[in-house]
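Proteins get letters first, then strands, A, B, ... in listed order; numbering begins at 1 in each.
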Amino acid sequence: KSGFGQLKDAYNLFDKMLRCRPLFSVVNFTQLLSGVVRMKEYGSGVILYRKMCMLGLPINVYGVNIVMNCFCYLNRVDMGFAMLGCLFKLGYKPDEVTFTTLINGLFKGNRIKDAMELFLKLVIGKVCEVNEIIYGTVIDGLCKSGNTSKALELLRLMEKKGSVKPNIVMYNTIIDSLCKDRKVSDGLQLLSEMVVNGIPPDILTYNSLVRGLCSFGRWEEVKQLMMDMRNASVYPVVVTFNILIDGFAKEGRMKEAEDMLQIMVEKGESPNTVTYNTLMDGYCLRGEMEEATRVLRTMLASGCEPSIQSYSILLNGYCKNRKVDDAIDLFKRLSSEGLASDVVTFNIMIQGLFEVGRCADAMKLISEMHAQGESPSITTRCIVLNGLCKNGFVSEAQLLLCEMENKGISLH
RNA sequence: GAUAAUGCCGCGUAC
């Protein structure tokens, strides 16, 4: 009904539902689909939808919208738009959810202009209701594509005219983006504005600002903000503590980071995977690998499931502290335990190998990465180019650079 | 009764 532990459970339920007579309703099948998507199994969502189509099961605009969303998260907005055809064939019209999903997909695919065009069409023509979620989606898309000032302009416009007024999500989105753009003071300014406009900040607002202040070492203001939170009866959650722990850890202040963990537990918040990852990274930065592995053991003992990021942090720690062989051991154990490395894991290992001059091994890992279906990122290319150059393979690096230029790959 | 917007951790170069 709500969530599945595993994909298998979802498919088992699907089979059971198929055998049941009378047949389950559209709503039940849509709920199943939604459950799969909630696990972030977007590819499986598409497959499930196709099965449902082939079996002639009932589908309505809810289901199609869900599948569109899957395509968007798979970075296939084009397929999302193709779903419009299916929608019409089924006799439905796209609604505001459909369009929000597509706008979101366009932004995620970095098609900012197309997203804005579609948005303007909705606003001008009476295609569908233009609600606050659509505005919120556009503001988020603008922010996350590096156009925070445009997002702010839109917010200002909404304050002045139009039926949709700025809400807390929009303020939070822009405040977060300002902080990430290193404009923390502008973020704080917007915070006072939202208060004036009668929109009290929530924990997400504070988290963004606390993170911004921490990352610039503005600890006095962090303290002040935490007191403001308390006075506003907004209480820190695990993410807040993780941000504070990370702030200390990045400055190498592990004693204070551990104290913060203690405080967090006393306040009744349980540490999660990110909490442990953050602590591990802090110790790795200080070269204290035995402390880092101690944290990993604590995490395992507490029943917290390490993520691939947990291991990447450790691998990075080993590599940066001249312990590549330990990294290789751990890396091998990962694949034998069936934990899939992602592109960052590979990047860390490739760089580690280049740095100790093991170029052939590094290149081998690149093939392995391809074999596992991971595409190299911009960072991968930089690491390889840099690695080749530093090891005297300048002409090879040039060759690679040419290839990239021919393929139209930019390093920015 | 089912679908859409906001917060935390890992990798590079240069500065």
Asks: Take atom CG of Leu400(A) and atom P of G12(B), then tell me their distance rounded to the nearest Å.
Replies: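 So the two atoms are 19 Å apart, to the nearest Å.
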
Asks: Just say parallel, tilted or perpendicular for the rings of Tyr73(A) and Tyr42(A), cut-offs at 30° and 60°.
Replies: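 Parallel: the ring planes of Tyr73(A) and Tyr42(A) meet at under 30°.
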
Asks: From CE of Met349(A) over to C1' of G10(B), roughly how many Å is that when rounded to an integer?
Replies: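 My rounded result for the distance is 14 Å.
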
Asks: To the nearest 0.5 Å, what is the distance between CD (Glu153(A)) and CD1 (Ile174(A))?
Replies: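 If we round to the nearest 0.5 Å, Glu153(A):CD and Ile174(A):CD1 are 10.5 Å apart.
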
Asks: In whole angstrom, give the distance that lies between atom CG of Leu261(A) and atom C1' of C9(B).
Replies: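 These atoms are roughly 14 Å apart.
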
Asks: For Gln309(A), report the nucleic acid contact type (base, sugar-phosphate, nothing); a contact means any heavy atom under 4.0 Å.
Replies: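 Answer is base: heavy atoms of Gln309(A) come under 4.0 Å of a base.
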
Asks: What's the verdict on side-chain contact (heavy atoms from CB on, under 4.5 Å) for Ile366(A) and Phe346(A), showing C-alpha distance, side-chain angles and the deciding distance?
Replies: CA-CA 8 Å; Ile366(A) 295 174; Phe346(A) 279 108; over 6 Å; no

Asks: Starting at CD1 of Ile348(A) and ending at P of G12(B), how long is that distance when rounded to a whole Å?
Replies: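 Taking atom P of G12(B) as the reference, CD1 of Ile348(A) is at 8 Å.
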
Asks: Between protein and nucleotides 2-7 of chain B, map the contacts as a letter string: B base, S sugar-phosphate only, - none, heavy atoms under 4.0 Å, written 5' to 3'.
Replies: BBBBBB

Asks: Just the rounded figure in Å: distance from P of G12(B) to CG of Leu365(A).
Replies: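 Value for this atom pair: 16 Å.
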
Asks: Atom CE of Met260(A) to atom P of C9(B): distance rounded to whole Å?
Replies: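 Taking CE of Met260(A) and P of C9(B), I get 16 Å after rounding.
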
Asks: With no angle test and no hydrogens, is the base of G10(B) tied to the side chain of Ser312(A) by a donor-acceptor pair under 3.5 Å?
Replies: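 Yes.
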
Asks: Atom CZ of Arg381(A) and atom P of C11(B): how far apart are they, to the nearest Å?
Replies: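 Taking atom P of C11(B) as the reference, CZ of Arg381(A) is at 19 Å.
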
Asks: Rounded to the Å, how far apart are Ile308(A) CD1 and C11(B) P?
Replies: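 These atoms are roughly 14 Å apart.
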
Asks: Taking the ring of Phe119(A) and the ring of Tyr135(A), is the distance between their centroids below 6.0 Å?
Replies: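 Here the rings of Phe119(A) and Tyr135(A) have centres that are less than 6.0 Å from each other.
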
Asks: Applying the side-chain hydrogen bond (donor to acceptor under 3.5 Å, both in side chains) criterion to Tyr171(A), which one of Asp202(A), Asn197(A), Thr205(A), Asp176(A) satisfies it?
Replies: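 In the set Asp202(A), Asn197(A), Thr205(A), Asp176(A), the residue that makes a side-chain hydrogen bond (donor to acceptor under 3.5 Å, both in side chains) with Tyr171(A) is Asn197(A).
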
Asks: Side chain of Thr345(A) only, please: which of C11(B), G10(B), C9(B) is the nearest?
Replies: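 When the side chain of Thr345(A) is considered, G10(B) is the closest of C11(B), G10(B), C9(B).
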
Asks: Do other residues, nucleotides or ligands put more than 12 heavy atoms under 6.0 Å from the OH atom of Tyr11(A)?
Replies: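 Check passes, neighbour count above 12.
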
Asks: Pick base, sugar-phosphate or nothing for Ser377(A), based on heavy-atom distances below 4.0 Å to the nucleic acid.
Replies: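 Ser377(A): no heavy atom of the nucleic acid under 4.0 Å.
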
Asks: I'd like to know if Glu269(A) pairs up with Lys267(A) as an ion pair, taking the criterion as any Lys NZ or Arg NE/NH1/NH2 lying under 4.0 Å from an Asp or Glu carboxylate oxygen.
Replies: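 No, this pair does not count.
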
